[in-house]
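Presented below is the structure to which this report refers.
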Amino acid sequence: MSRRIELLAPAGSFEKLEIAIHYGADAVYLAGKDFSLRNFSGNFSAIDMTRAIQLAHANGVRVYVACNIYPRNSEIPAIADFLAGLKDIQPDAVIIADAGIFMQAREIIPNIPVHISTQANTTSFQSALFWKSLGAGRIISARELSLEEIREMSRQTGMEIEAFVHGAMCISYSGRCLLSSFMAKRDANRGMCTHPCRWNYAVVEETRPGQYMPIVEDERGTYLFNSRDLCMIDHLPAMIDAGITSLKIEGRMKGINYLASVVKVYREALDACLSDIKAYQVRDDWRYELDSISHRPYGTGFYLNDPDAVVPAYDDPQPSAGAVFLGKILESDASGMARVDVRNKFSQGEVIEIVRQKGPSVRDVVQRIWDETGVQTDTAQTGRQVRIELNHAVQAFDLIRRP
Ligand code: SF4
């Protein structure tokens, strides 16, 4: 396979960036504090962003900076300042949706490639050609497109095409939605969606206050939309065959345990695909890993023209709980000792799973625990750093969880 296909992961914080690098992302997307569509995800100050880009580049990982809001008049000067700041730290691309910001970027940072955000709703090759004529290098395809439509866009334009391969799906048209503005005064189009489409709703009849009648759809559920999560692990060859050059994982707001599992699985799957696309088969341990993270029922979105794949998941409205994330390995030594940043309490003798950088997760038993002062203890408390003894070797940034 001669085309370069990249695995692109979200990096909503510095820690998430480190995890994405550890588990094999080729590139990450991140945002400054102000001008992305993920205002709750942590995001980076100018100093942090500089550090992030340095760390990523030192590891051979590309960084794309999102600046994909639709700004108001008053924000134009601040956007100009933000773009000028990027000139110094040289990300590998900037992600833009708005035509005005695109024009500013071409003027202020003409040497930094522009990727057209999925929020720009690029749904046809003609619209992709429009962006190409203005100097855009990559289209992040609208989520509504089928693989056949993406194939045509790739063929007609010769552009790089980035498309989501895994993650939560927004039920509105390319993420344009006012539900959150109405329900929570948080504008989804400015990165502050509170996901009210997934809240639990009921109806109250005017003369019976306090009596909540669930909204029943086909007697199968009480959610308004409850979109499925996208999972294209079975269809990577088809995505590559359609001309997609960047497989994008959704989830800048998700935790590092989610990120670790998804990046690791798609890294291994993409490598398998690239080494022999015809022999590609989904491994059981990949499915196990993707099922071990909290998720809504998986589907294939609009890609395969399968109407059932976009029907809301009425049968199974709650996201699955996923395995309990216990901690992150900070360092380890050859004798099987490891220092752990504890995220959820665990105990000596407990069976855990190690999410290794490569290969299936392995089960182990916590042999012994020492607290920060070096005193042996029965339990590792949340928020502490402890040393533990395991049977298997681990390395920094490996995660442990309760199976
Ligand atoms: S409320 Fe739901 S449909 Fe609307 S933007 Fe947020 S996630 Fe998308």
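Ligands are counted one by one from 1 in listed order, and the atoms in each one are counted from 1 as well. Quick note: numbers below take in every heavy atom, side chains included, and nothing from hydrogens, waters or symmetry partners. In what follows, residues are counted from 1 in the order of the sequence shown.
A cation-pi arrangement is present between Arg143 and Phe164, with the terminal nitrogen or guanidinium carbon under 6.0 Å from the aromatic centre and inside a 45° cone about the axis.
Ring centers of His295 and Tyr258: at least 6.0 Å apart, outside the cut-off. Residues Trp131 and Phe102 bring their aromatic ring centres within 6.0 Å. Proximity of the aromatic rings of His235 and Tyr303 is defined here by a centroid distance below 6.0 angstrom, and this criterion is not met.
Within the listing of ligand 1, atoms 1 (S) sit less than 4.0 angstrom from a heavy atom of Pro196. Within ligand 1, counting atoms from 1 as listed, the ones closer than 4.0 Å to a heavy atom of His195 are 7 (S).
For atom 6 (Fe) of ligand 1, the N/O/S atoms of Cys193 include one lying under 2.8 Å.
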